2 protein chains.
Amino acid sequence: MFKIGEFSWFTRVSVKMLRHYDRIGLLKPSHVDPESGYRYYSVEQLPRLHRIVALKDLGFSLERIGDLLAGDLSEGQMRALLEQQRADLAALIEAEMVRLVRVEDTLARLADDLPVVDVVLRRVEAQLVASMRQRIDPFSEAISAMFVAVEQYVGAAQADRPPVLLYHDVEFIEEGVDVETAIPLKHPVEPTRRIHVRTLPAVDQMAVLVYTGPYEHMMPALTVLYHWIERGGYRIAGPQRDVYLRYNGSRGPARHLTTNPDDYITEFQIPVKGPNHAL
Amino acid sequence: MFKIGEFSWFTRVSVKMLRHYDRIGLLKPSHVDPESGYRYYSVEQLPRLHRIVALKDLGFSLERIGDLLAGDLSEGQMRALLEQQRADLAALIEAEMVRLVRVEDTLARLADDLPVVDVVLRRVEAQLVASMRQRIDPFSEAISAMFVAVEQYVGAAQADRPPVLLYHDVEFIEEGVDVETAIPLKHPVEPTRRIHVRTLPAVDQMAVLVYTGPYEHMMPALTVLYHWIERGGYRIAGPQRDVYLRYNGSRGPARHLTTNPDDYITEFQIPVKGPNHAL
DNA sequence: GGTACACCCTCCTACAATAGGAGAGTCAAG
DNA sequence: CTTGACTCTCCTATTGTAGGAGGGTGTACC
């Protein structure tokens, strides 16, 4: 019989942890003095502690180790737990490798004196909108006109959410871009021949980049977004959306308006499908 | 201005977390109503929150994110933090991959109906011993005789620790194995021509396997230990030690003795050097 | 046989990031 | 003005590990 300190000394498991394993029932001392409460361990407990430590090194939680050591599980259940652990580890490694790539990309951008911008992946909810879709020349004034037309038409039905521009072309096009200007609605309005009423679908995995500044300089940021998607092993799964969080407009929800182009805030959103996450 | 719920809704950062970021100073609301305590956020805070989420996805802790966002660090410091993160991630990935290999090995053993045994890596402390070293035939009775001889010689100086057998051959040898039988000492004794007194050095990284059962069947377990070392990317860094935690002996510390070979408990220890840990 | 000191006990606290709940106050739409 | 949705603070929990306080225990040495 060993006192807890001796047992700790040569198993290299701290006294704190041995007491913890006792409390959670993972490893009870073979004898506890009822007078003093002193724990006494025997060599016979060594294989069990050894297995606990080994399973811990395999990445199992103490709770799962408890299950595994309970002994009342079939070989099939044992295998299932191990398979589960393998899958968890594989997923974790994949996620960490994507992270590593991203950190390296950021370092590379820093080394090249390029601006560091941040992309995040998140869900975007569905949104009822009124919209107008049209082929126009890129960066043209026509876009403003389209937004204004839709806003005027929907009037009080406009929701207090930022307007959205959708790009329906799959590839880059020099002129005649297929765009849709969408204004969020509080409730449906009657469609017309030019103004449609529809619901922008929710997107579970949206790669999002927030850009602050005038529209002329947004291309480098957008490039980063595409780079991010590619490097992360994602594929594009829908039309890009530009969300105007802060923009120049005499109309529209007041809290989204500003006049200084340097204060413009735009969110670039690209729906993606990824290998390592649920759709 | 958005109330916390709205801000949470479209950033997909939970209200709980927004309040948390406020408390730790990571993201203060642009306005807090002094009456109600209500937090109000503005679009201008979106880039910052976005960056926080992006850095979190890169694996940074909130504390480090705080440092990174403080803005008062040079590009060099920024780079250093990223480099650190890269190194941390690389190390983590390597460790997880070793884990994964081990889980897969365990599954393979399970599928082949081989016994699952557990190897752990730990430190072993230095130990003063009296020992006798000799070439003998493997598994011979001579080993017992050597232990008995040393035990008899050291007498009361014997410490209450298990005897150790060291194998000094680097490779497997059919006959004439170079072994050393070591008995732990409480304090030094006089050496003789045949009995040496020395300190078994501490080993920082010892691959250890606990084996329960008679000596005849220990080879498969030992094979696992070698396999484990190889698969983990370690190299052997010293002589193997067998520690007799529970063995048959009429003498020796009482708490290590038993007569039933099925109750024998032996620890196989092999010093290793590994790529991913400090020496 | 006593005393000092190393050891052991329980109970509390902390970490980091996140989540849930209780109880009370606030805002906005009808 | 009521009601229901929202918000506030404060408390608790998670997981594995560690530190400390305050008090009891075992033993080696004198």
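Sequence lines set the chain letters: A, B, ... in the order given, protein chains first and strands last, and positions in each chain run from 1. Small disclaimer: the values here were computed from a predicted structure and weren't measured.
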Any side-chain heavy atom of B/Leu18 within less than 4.5 Å of one from B/Leu49?
yes

So is A/Arg109 actually on top of A/Trp228's ring, under 6.0 Å and inside 45° of the axis?
no

For atom OH of A/Tyr21 and atom P of D/dA18, their distance in whole Å
9 Å

Of the listed nucleotides D/dT17, C/dC9, D/dG26, the one nearest the side chain of A/Arg39:
C/dC9

d(CD, A/Glu35; C1', D/dG26) in whole Å
14 Å

Would you kindly give the CZ-to-P distance between A/Arg19 and C/dC8, to the nearest whole Å?
8 Å

Rounded to whole angstroms, how far apart are NZ on A/Lys3 and P on C/dA6?
13 Å

Which is more 5' along DNA chain C, the nucleotide nearest B/Asp33 or the one nearest B/Phe60? Just name the residue.
B/Phe60

Separation of atom OH in A/Tyr38 from atom P in D/dG24, rounded to whole Å:
12 Å

Side-chain atoms of B/Lys16 come closest, of D/dC8, C/dA17, C/dA19, to C/dA19

Using the side-chain heavy atoms of A/Glu63, tell me which of these nucleotides is nearest: D/dT15, D/dG16, C/dA17.
D/dT15

Below 4.0 angstrom from OP1 or OP2 of C/dT18, is there any side-chain N or O of B/Lys56?
yes

Kindly indicate whether the side chain of A/Tyr38, heavy atoms from C-beta on, has any atom under 4.5 Å from the side chain of A/Ile4.
no

Specify whether A/Phe10 and A/Phe7 have parallel, tilted or perpendicular ring planes, treating 30° as the upper limit for parallel and 60° as the lower limit for perpendicular.
perpendicular

If I take atom CD1 in residue B/Ile65 and atom P in nucleotide C/dA16, what distance separates them, rounded to the nearest angstrom?
13 Å

Start at the 5' end of DNA chain D and walk down; is the nucleotide closest to A/Ile24 or to A/Ser36 reached first?
A/Ile24

Atom CG of A/Asp22 and atom P of C/dC9: how far apart are they, to the nearest Å?
9 Å

Check the distance between C/dA16's P and B/Asp67's CG and give it to me in whole angstrom.
12 Å

Presence of A/Ser14 side-chain N/O under 4.0 Å of D/dA18 phosphate oxygens OP1/OP2:
yes

Tell me, do B/Val272 and B/Met206 make a side-chain contact under 4.5 Å, heavy atoms counted?
no

